[in-house]
Protein chains: 2
Amino acid sequence: MSSKIKPIKSVSLVEQVEQRILEFLKENRFKSGDSLPGEIELAENLGVSRNIVRESLSRLRMLGVVESKKRKGMFIAEPDILSGIERIMDPDLLGEEAMQHIFELRLVLEVGMSELLFIRKKDSDVNSLQEIVDREANDPLCKTELQTRLAYEIEFHSYLYKMSGNGTLNRFQSMLLPVFHYMMQQESKSAAEPVRGTVSHNDLVETLRNGTAYEFREHMRNHLTPHFSKLS
Amino acid sequence: MSSKIKPIKSVSLVEQVEQRILEFLKENRFKSGDSLPGEIELAENLGVSRNIVRESLSRLRMLGVVESKKRKGMFIAEPDILSGIERIMDPDLLGEEAMQHIFELRLVLEVGMSELLFIRKKDSDVNSLQEIVDREANDPLCKTELQTRLAYEIEFHSYLYKMSGNGTLNRFQSMLLPVFHYMMQQESKSAAEPVRGTVSHNDLVETLRNGTAYEFREHMRNHLTPHFSKLS
DNA sequence: TATTTAAAATATGTCCTACATATAAAATTA
DNA sequence: TAATTTTATATGTAGGACATATTTTAAATA
């Protein structure tokens, strides 16, 4: 009858303390480098044991919000947005739905990235890309070995992220690699033949060299067609 | 002379244990719902105190990798990719560089998202968007109040993420909101006049209704021109 | 016997105390 | 004064104790 009775919020003390500390930091405009109250002081003021405070701080340390040195105490650091994600980005840990979301995210990023690439590309970058493509073209294993093709595929696209000049974006993509790898192997298993887009890596480099951001965007979209066509 | 002497890796026990447990879970192919060894057993097998194990598990709990119930013990859950990010996505905590990266990320996402939108858009979605646009057009405050304009801007773009049909993407954007808000206020402070793109929200809705993914992508790129033009 | 009620067992949650360790700061010595 | 040693202090680690919730088991009641 009352199947959706209110679940009393029994958040653990650790979680509460974690939130309180974060609030405390935000409200008081703590800046990178500022030093925090010690663990015992925090524990006393919060009315909990030092253990609880330590677990909370351990979480914040993991996120890069705080750092701590032996005698000096703790101080604020600039948190790393990706440090949390980094630990769990693994096909063995993530669920199917999350994997699908991430794979789609990759497609979105690579199509949308074009503008950044044209703002920040350097000639040396384009040459490096060309070198990758040439190496791929001359590698006899590419014809037979799926793993080899995958490796070149990943190397090429990874370099694009690096070229974006957005460090967060670049690191993010490197974390996604295991997921890409997994998903693309799944794809090549299910699909009988590896459908290839009409735009090759070589075409993309050429566009990057002499084309426009607009053209590159559409070429990339085309290059990724095999993946997009599997969405629903 | 030897200014870059190798810093001996003195990772804390907690961090080591955290890694070991994660490895353990991956290698043994733990699936969602499987139960974990108890804290004391883990502590004994790892040769550390229960405190250390608890701090490590607390981190994993935060990431959603494990859940725990009072007498039942701990079991595997599907980790939430975003739970780590969620806590620190705040202009008061993040550094300038991270904020810039995130802002760029938003631009990349919205341009690249077009394909997903056209695969998953429903008529009701387009109508909802239209409703937002109409409300914006008829709101007299829009002319004078920056905050009001910002609110509509955010409401409109947020709805696009929801339409993408990618829950992770959608949640991600909702976390980015505070950062957007901050960055756009910064923009409107610095720039004397708020440069507007030639493509309006209304145009975007029209394209979504009768256009193609390709057109929408370019219109969105155009709509975001004021932001892109500030990049370097 | 079947059903309800009460007790016991157990794994996590919280608290406490003690000690180890590293290091900044103070005191000592050359 | 400068180099050295000592001391003080905040985090890091350990281990024990009890609280709490919930499953399982046993007991009691109809």
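So you know, we letter chains A, B, ... as the sequences are listed, proteins then strands, and number each from 1. Quantities reported herein were computed from a predicted structural model and do not represent experimental measurements.
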hbond_proxy B:R50 side chain to D:dA14 base (donor-acceptor, 3.5 Å cutoff): no
Any donor-acceptor N/O pair under 3.5 Å between C:dA25 base and A:R71 side chain: no
Interatomic distance where NZ belongs to B:K70 and P belongs to D:dT22 [whole Å]: 7 Å
Salt bridge B:E86-B:R171, side-chain N to carboxylate O under 4.0 Å: yes
Whole-Å gap separating C1' (C:dG13) and CD (A:E55): 9 Å
Protein-nucleotide distance (A:M74, atom CE; D:dA10, atom C1'), rounded to Å: 9 Å
Distance in angstrom units between B:L13 CG and C:dA22 P, rounded: 12 Å
Parallel, tilted or perpendicular, as decided by the 30° and 60° cut-offs, for the rings of A:H201 and A:F156: parallel
Distance in angstrom units between B:E39 CD and D:dG16 P, rounded: 16 Å
Euclidean distance, atom CD of residue B:E15 to atom P of D:dG12 [Å, nearest integer]: 11 Å
Check: A:R50 side chain, A:E39 main-chain N or O, donor-acceptor pair, under 3.5 Å: no
Separation of C:dC16 P from A:I52 CD1 (nearest whole Å): 10 Å
Donor-acceptor pair present, A:N51 side chain and C:dG13 base, under 3.5 Å: no
N or O in side chain of B:S68 less than 4.0 angstrom from C:dG13 OP1/OP2: yes
NZ or CZ of A:R106 within 45° of A:F180 ring axis and under 6.0 Å: yes
For atom CG of A:L42 and atom P of D:dT11, their distance in whole Å: 8 Å
